[in-house]
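Just so it is clear: chains get the letters A, B, ... in the order the sequence lines come, proteins before strands, and each one is counted from 1.
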Amino acid sequence: MPALAARWSPRSAPPTVSRVIRTTPFHERLKALDSQGLYTHWQGRLSALRYSPAPKHEYFAVRSSVGVFDTSPLSKYRIEGPDAERFLAGVLVRDIRACPPGRGQYTLWCDDRGFVMEDGVVLRHSPTEFVLTAARPNHGRLTDLAGRLRVRVEDVSDASGMLAVQGPRSRTVLAGLAPEVAALPVFAHTPTSVAGVPVTVSRTGYTGDLGYEVTVPADGALDVLDAVLEAGRDHGLRPFGEEALMVLRIEAGLPLLDVEWTNSRLAFTDEQRVTPSELGMGWMLRGVEDPTRPFVGRDAIRHELATGGPRWATVGLVVDPANWERLHREAGLLPPVHEHPLPYESLLYDAPTRDHQVGYVTSLVYSPVLQRHVGLARVRPELASPGTRLQLEVAVHHGTTTVRACTATLPLFDPPRRTARHD
Amino acid sequence: MTERDGAEHPADLVTAYDAIVVGGGHNGLVNAAYLAKAGLRTLVLEQRDLVGGAAVTEQPVPGFSFTTFSYALSLLRPEIVHELDLVRHGFLPLMMPSSFHPTGDGGYLLLGDDHDQNVQEIRRHCPHDADAYDRYHHDLDRVVQAVQPLFDNPPPDVFGTDPDDQADVAWLLKHLGGVDRSVMHDVVRLLTGSAADWLEDYFRHEAVKGFHASSSIIGSKVGPMSPGSGLVLLFHKMGQHDGHLGSWAFHKGGNGGFTQVLARAATAFGAEIRLGARVASVLTREDRAVGVALEDGAELHAPVVVSALDPRRTFLDLVDPRRLPSELVDSVERMRFRGVSAKVNFALDGLPVFPALPPRPDGGGVDHYGGFLNIGPTIEYVEHAFDAAKYGWYSERPFIDAAIQSVVDPDMAPPGKHVMSCFVQYAPYELRGSDWEAERDRFGDTAQAVLESHFPGFGDLVLHRQVVTPVDIERVTGLTEGNIFAGELLAPQMYFFRPAPGWSRYRTPIAGYYQCGSGTHPGGCVIGSPGRLAGQRVLRDLAAAR
Ligand SMILES: Cc1cc2nc3c(=O)[nH]c(=O)nc-3n(C[C@H](O)[C@H](O)[C@H](O)COP(=O)(O)OP(=O)(O)OC[C@H]3O[C@@H](n4cnc5c(N)ncnc54)[C@H](O)[C@@H]3O)c2cc1C
């Protein structure tokens with residue numbers, strides 16, 4: 001792992017667009033490919049909503065060829081020292097001791113009541129060195145928990161850019177630049193170089209497709225991006241923005257902080273909070289009984305599992321397309337197709353009479369690959385088995401009614417190529 | 001004779017199949033999938049060595065996937081996708097992000113997914129047309145909404161006397177009675193009038209009208225100024241891939257990729273598909289269908305035979321027309337099939353360049369190639385192109401609906417190379433004083449010259465050119481006179497009258513013999529409804545006989 005510059009150097013300082021909002025290391029080039037100029041602010045950076053008038057084109061690039069997404073605004077923490085493993089084992093929900101150098105994990109961290117704070121990906125670079133990415137700043141929390149352990153937590157967020165290269169052709173494109181990439185299994189990573197710039201390539205992403213993320217020192221970002229664009233040029237590569245990403249990640253069953261749940265530390269009520277099991281991450285709790293691995297929230301989680309279990313189960317939701325059609329046609333409307341996730345929660349009932357609310361939908365969107373509206377939902381655990389028929393409350397003509405829906409396994413879309421080994 | 005059901009198969013015929021579908025085009029496959037899904041032992045017989053009919057993807061040059069005939073998807077009914085579980089078998093329509101319309105003077109109209117940007121793009125050419133654009137789409141959408149139920153159900157038998165028929169007629173009248181007056185007027189304007197007249201009522205700019213007129217002549221021996229072109233325009237607006245009416249997609253792997261999905265679905269439901277099996281005739285015994293005879297002499301028996309071919313073949317070739325009511329034979333003889341469409345497909349060494357939209361140095365900036373490239377700048381241009389066809393000749397400056405599918409689906413061509421599908425009109429099936437073998441190359445040159453005039457240097461990019469004439473279409477798929485819809489979309493050949501008065505409900509005068517090709521309601525295009533609705537007919541008849 002090349003040492004990433006931890007301090008500002010004048011050379012790598014990204015240009016500012018306001019006193020606090022800045023641009024990413026890839027911005028200068030991506031901006032030239034962007035006919036829209038539409039941005040959100042993500043962790044103090046401009047993040048493109050889309051690059052062309054057709055976010056669907058960007059979406060299909062990922063599902064059918066290859067797309068690149070600028071994921072630089074993620075917070076990145078370098079965690080290093082003889083006690084780094086012990087430290088992370090005590091902070092993260094998944095057992096980091098099971099993660100050898102060269103591998104990574106998608107993981108969560110909880111508060112002491114066993115409620116989820118945030119999620120992120122940790123890559124292990126050596127027995128004593130890790131890099132953790134998160135959607136929000138976490139430096140304070142991490143250093144507060146370090147105590148007297150021999151570990152250093154460094155915020156290296158600004159030192160590097162991250163480029164997600166996602167889609168069926170991503171391996172071809174990247175392996176052409178760095179042959180080591182070809183053999184990387186899911187959640188493995190490797191140091192390599194692209195265009196003479198030292199980078200880390202990990203087989204990770206937020207699209208549920210075959211894909212990689214390239215971490216690159218900020219001052220080499222444009223060279224790497226240029227090389228990737230050039231390599232992808234004949235493969236239909238296009239940059240994609242947040243609008244396409246939202247559809248991709250819902251299909252992939254990947255939760256989003258502040259949409260699927262609220263950071264427990266910032267929530268007002270337990271209704272806003274979720275446990276790892278309730279978030280659909282019960283699989284991370286393997287070995288939670290192991291006495292050699294106390295982590296923050298463990299006792300509460302054990303207690304939850306021992307006493308009646310989680311309040312909710314996270315499931316996929318599939319809206320019955322015929323019923324959706326009919327409902328709107330009979331009302332004299334063209335059936336709407338929600339290309340953007342609904343900005344509010346929808347409620348789930350066990351019957352059209354709506355006597356018993358049995359769950360809620362956190363994300364709902366039309367999936368082009370599945371040809372129907374799908375969502376991420378939380379239902380009472382006894383209704384979690386795939387295929388359970390439910391009623392989704394929707395508004396038609398200023399009143400509410402319901403449409404048939406049923407639960408489904410997550411991810412909703414899971415092509416074999418996502419995890420397939422290269423042969 | 002009246003329509004009859006499919007019961008009473010002679011007991012002495014040993015049958016390995018419950019149903020035989022003749023023709024493995026998309027409608028035959030859809031039909032077979034529904035029959036197999038209902039538990040019938042179903043056999044599809046296809047003359048070629050691949051299924052798909054007019055919807056095939058082939059590689060005449062290694063590495064380049066050509067959609068030999070049909071090339072884009074829109075009208076396919078969504079219920080077929082769901083009922084046949086096509087997503088599981090690989091259904092993947094890649095929505096077109098744009099439509100590109102050169103205006104003939106070096107400029108262009110580029111429309112895409114963003115409504116606001118589309119309105120401004122129209123306004124750039126003509127402020128008057130900017131808000132007309134919204135009204136136009138609103139009115140057209142309402143017409144589609146009114147017509148859709150007719151599209152998705154078999155036409156009622158207005159001539160029938162049984163209570164079922166009368167219930168269907170009552171349903172139709174009730175539906176029409178509920179349609180708003182002004183919408184009904186728009187329906188009639190479209191069904192009887194010309195696209196030019198309809199568009200004049202909204203737009204002023206010649207290129208804006210030209211752009212919207214392009215779908216009014218597809219596959220049809222009409223010009224945009226001919227009455228009847230309104231109907232063709234409306235028909236092409238009936239699709240709704242991603243919920244936007246009239247939107248189009250390229251299926252992954254071309255339209256042949258789509259028919260492969262259908263074949264997988266049909267097989268998964270238990271249907272058997274036999275390739276290289278050309279049917280010579282339908283076997284009958286005592287006025288019932290009992291199976292088919294293959295060209296090689298083999299006989300296969302089943303109590304249900306469904307023809308997925310066009311009406312000429314269904315009624316005049318596969319069975320003995322002398323056994324049919326002469327009124328039906330007359331109607332089928334009279335049916336118009338005048339094919340006027342050809343394809344010129346290219347393998348390209350790179351993307352063409354439109355001078356007003358040069359590519360960026362990084363190769364990007366070519367979003368105008370994501371969907372249809374519409375070469376027919378104005379209504380007059382297209383009408384002039386039509387003139388030749390009236391007198392038995394092909395257009396000297398043809399209308400071209402082009403698509404560079406490899407832009408959205410790079411799997412269609414080797415890296416950096418492209419395939420370009422060009423649907424070219426007008427190319428009448430019968431040429432006066434010559435024939436298509438003699439004219440093939442010159443016709444290809446004519447189309448290529450038009451492309452060269454819009455994309456200078458186009459010729460230098462051409463690695464391979466395939467010219468598909470109307471005669472080729474007929475020879476390969478069996479579509480009479482190369483008519484892409486298996487019978488023109490003319491008012492007297494639609495709805496109650498498709499393919500013939502009294503025979504619009506998928507039965508034939510021969511018990512057990514059914515029809516499900518594009519020559520039946522609602523009509524041509526990759527739409528699947530004929531196959532689906534005919535499947536329902538067969539299954540209902542079998543249930544009634546039980
Ligand atoms: C050049 C062209 C371009 C087009 N472009 C589009 C487009 O972009 N989008 C769109 O929606 N529609 C398009 N269409 C129309 C659309 O493709 C057709 O209407 C539709 O595919 C017809 O389907 P079908 O199943 O009814 O018949 P067909 O596809 O014609 O299938 C009939 C099948 O029967 C087989 N067959 C024939 N005779 C026999 C026999 N005796 N025994 C056994 N098998 C036999 C044939 O080989 C064929 O496979 C186009 C058509 C053409 C020709």
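Heavy atoms of Asn118(B) lying under 4.5 Å from chain A are absent altogether. Heavy atoms of Gln117(B) lying under 4.5 Å from chain A belong exclusively to its side chain. Using a 4.5 Å cut-off between heavy atoms, Leu94(B) contacts chain A through both its backbone and its side chain. Contact annotation for Leu333(A): only backbone heavy atoms (N, CA, C, O) come within less than 4.5 Å of a heavy atom of chain B. Contact annotation for Leu370(A): both backbone and side-chain heavy atoms come within less than 4.5 Å of a heavy atom of chain B.
The candidate from Glu58(A), Glu325(A), Arg169(A) with the greatest count of non-hydrogen atom pairs under 4.5 Å with chain B is Arg169(A). Ranking Ser65(A), Ala322(A), Pro321(A) against chain B, the residue ahead of the rest is Pro321(A), based on heavy-atom pairs under 4.5 Å. Contact count versus chain B (heavy atoms, under 4.5 Å) is highest, among Arg238(A), Gln36(A), His57(A), for His57(A). The candidate with the highest count of non-hydrogen atom pairs below 4.5 Å against chain B, out of Arg63(A), Arg50(A), Glu230(A), is Arg50(A). Contact count versus chain B (heavy atoms, under 4.5 Å) is highest, among Gly236(A), Ala32(A), Pro53(A), for Pro53(A).
Annotation for Glu28(A): atom CD does not count as buried by contact number, only 12 or fewer foreign heavy atoms lying within 6.0 Å. The environment of His175(B) atom NE2 is dense: over 12 non-hydrogen atoms of other residues, nucleotides or ligands sit within 6.0 angstrom. Other residues, nucleotides and ligands contribute only 12 or fewer heavy atoms inside 6.0 Å of the CZ atom of Arg181(B). Heavy atoms of other residues, nucleotides or ligands lying less than 6.0 angstrom from CZ of Arg124(B) number more than 12. The number of heavy atoms from other shown groups lying within 6.0 Å of CZ (Arg389(A)) does not exceed 12.
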* Asked: Can Val408(B) and Ser64(A) be said to form a side-chain contact (heavy atoms from CB on, under 4.5 Å), step by step?
  -> CA-CA 8 Å; Val408(B) 294; Ser64(A) 154; over 6 Å; no
* Step-by-step side-chain contact (heavy atoms from CB on, under 4.5 Å) determination, Arg372(A) to Val87(B) -> CA-CA 10 Å; Arg372(A) 58 201 95 195; Val87(B) 168; 3.9 Å; yes
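Panel note: side chain Gln145(B), backbone Gly332(A); a donor-acceptor pair is recorded below 3.5 Å.
Using a 3.5 Å distance cut-off with no hydrogens or angles, the side chains of Arg329(A) and Gln148(B) do pair a donor with an acceptor.
Under the 4.5 Å side-chain criterion, counting only non-hydrogen atoms from C-beta, Pro93(B) is in contact with Gln371(A). Residues Val369(A) and Phe91(B) form no side-chain contact, since every pair of their non-hydrogen atoms from C-beta on lies 4.5 Å or further apart. Inter-residue side-chain proximity for His82(B) and Asp320(A) is flagged as unmet; no heavy-atom pair is nearer than 4.5 Å.
The line from CZ of Phe60(A) to CG of Leu92(B) is 6.0 Å long, rounded to the nearest 0.5 Å.
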